[in-house]
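Note sheet for the following structure.
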Amino acid sequence: MEIKTHQKINQNLCGIPTKLSQGYAEVELTTTEEMAADDKGLVHGGFIFGQADYAAMLSVNHPNVVLGGANVRFLKPVKVGEKVLAIAKVISEEGKKKIVEVVVKRNDEEVFKGEFICFVGSVHRTV
């Protein structure tokens with residue numbers, strides 16, 4: 001399936017899509033030293049959120065999808081050098097509103113869980 005959204009994303013920072021189908025996406029992220037939040041090598045949660053958000057956008061896969069809101073939980077810390085996989089599924093659709101469930105796992109262990117509210121609309125340009 002062709003990627004139709006977020007085509008300029010830096011996949012080094014947000015992850016690489018590994019599976020994509022209607023209403024479903026998987027994105028793999030290998031964390032790097034530049035993602036570290038401290039000397040212990042803990043990864044800043046913003047990178048995990050970014051990966052999950054990217055997976056959510058890909059599961060909708062529309063050129064004009066945007067994030068309207070998210071309810072998320074960080075369950076376990078992630079360290080530099082670890083690989084994490086974001087799995088996103090569209091669980092509800094009401095017109096232009098899509099609800100996407102995202103789980104980020106390190107192997108079989110959940111490190112992040114969230115519900116992303118996505119909207120598909122038209123592009124508005126201001127001059």
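Just so you know, residue 1 is the first one in the sequence shown, and it goes up from there.
Of the options K19, K83, Q11, a side-chain contact (heavy atoms from CB on, under 4.5 Å) to E28 is made by K83 and by none of the others. Checking each of F74, F112, F49 against V104 for a side-chain contact (heavy atoms from CB on, under 4.5 Å) leaves exactly one that passes, namely F112.
Between the OG1 atom of T30 and the CG atom of N12 there is a distance of 9.5 Å, given to the nearest 0.5 Å. Atoms CD1 and OH, from I87 and Y24 in turn, are 5.0 Å apart once rounded to the nearest 0.5 Å. To the nearest 0.5 Å, atom CZ of residue F119 and atom NZ of residue K97 are 5.5 Å apart. For the atom pair I9 CD1 and D53 CG, the distance stands at 7.5 Å (nearest 0.5 Å).
Both V80 and L13 sit in one connected hydrophobic cluster of ILVMFWY residues. Membership requires side-chain heavy atoms under 4.5 Å apart, directly or through other members. Taking hydrophobic clusters as Ile, Leu, Val, Met, Phe, Trp and Tyr residues chained together by side-chain heavy-atom distances below 4.5 Å, V102 does not share a cluster with I99. Neither L20 nor I16 shares a network with the other; the hydrophobic side chains, linked directly or stepwise wherever heavy atoms of I, L, V, M, F, W or Y lie under 4.5 Å apart, form separate groups for each. Cluster membership for I91 and V120, using ILVMFWY side-chain heavy atoms within less than 4.5 angstrom, is not shared. No continuous path of ILVMFWY side-chain contacts below 4.5 Å connects V90 to L58, so the two sit in separate hydrophobic clusters.
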Residues 31-41, side-chain donor-acceptor partners within the protein, below 3.5 Å, at least two apart:
| residue | atom | partner | partner atom | Å |
| --- | --- | --- | --- | --- |
| T31 | OG1 | K79 | O | 2.8 |
| T31 | OG1 | G81 | N | 3.0 |
| T31 | OG1 | E82 | N | 3.1 |
| T31 | OG1 | E82 | O | 3.0 |
| D38 | OD1 | K40 | N | 3.0 |
| D38 | OD1 | G41 | N | 3.1 |
| D38 | OD1 | L42 | N | 3.1 |

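Closest non-hydrogen pair, A88 versus A56, comes out as CB-N, 3.8 Å. Residues V111 and V78 share a closest heavy-atom pair of CG2-CG2, 3.9 Å. Annotation for A25 and A55: closest pair CB-O, 3.6 Å, computed over non-hydrogen atoms. C118 approaches V60 most closely through the heavy-atom pair CB-CG2, 4.2 Å. Residues A52 and A86 come closest through the heavy atom pair CA-CB, 4.4 Å. For the residue pair G15 and P17, the shortest heavy atom distance occurs at O-CD, 3.9 Å.
Within the 3.5 Å criterion, the main-chain N or O of H62 finds a donor-acceptor partner in the side chain of T5. Using a distance-only test at 3.5 Å, with no hydrogens or angles considered, a donor-acceptor pair links the side chain of N64 to the main chain of G121. The backbone N or O of V84 lies less than 3.5 Å from a partner atom in the side chain of Q51, making a donor-acceptor pair. In this structure, the side chain of N61 does not engage the main chain of I3 through any donor-acceptor pair within 3.5 Å.
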Report the C-alpha distance between L85 and V27 in whole Å, list the side-chain angles of each, state the deciding distance to 0.1 Å, and finish with yes or no for side chain to side chain contact (heavy atoms under 4.5 Å, CB included). CA-CA 6 Å; L85 180 69; V27 175; 5.9 Å; no

Report the C-alpha separation of K105 and E110 in whole Å, then their side-chain angles, then the decisive distance to 0.1 Å, and conclude whether the salt bridge (Lys or Arg N to Asp or Glu O under 4.0 Å) test is met. CA-CA 4 Å; K105 294 181 175 186; E110 291 183 0; 5.0 Å; no

Can you check side chain to side chain contact (heavy atoms under 4.5 Å, CB included) on F116 and N71, steps first, answer last? CA-CA 7 Å; F116 290 72; N71 182 13; over 6 Å; no

Side chain to side chain contact (heavy atoms under 4.5 Å, CB included) assessment of K113 paired with L75: CA-CA 7 Å; K113 220 176 196 179; L75 305 171; 4.2 Å; yes

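Counting heavy atoms from C-beta on, the side chains of H6 and V65 come closer than 4.5 Å. The shortest distance between side-chain heavy atoms of E115 and V100 does not fall below 4.5 Å. A 4.5 Å side-chain heavy-atom check between C14 and F47 finds every atom pair outside the cut-off.
K76 and E109 are joined by a salt bridge, as a carboxylate oxygen and a charged side-chain nitrogen come within less than 4.0 angstrom of each other. With respect to E101 and K89, no salt bridge is recorded, no charged nitrogen being found less than 4.0 Å from a carboxylate O.
Shown here is Q22, whose CD atom has no more than 12 heavy atoms of other residues, nucleotides or ligands within 6.0 Å. Within 6.0 Å of NE2 on H44 lie no more than 12 heavy atoms contributed by other residues, nucleotides or ligands.
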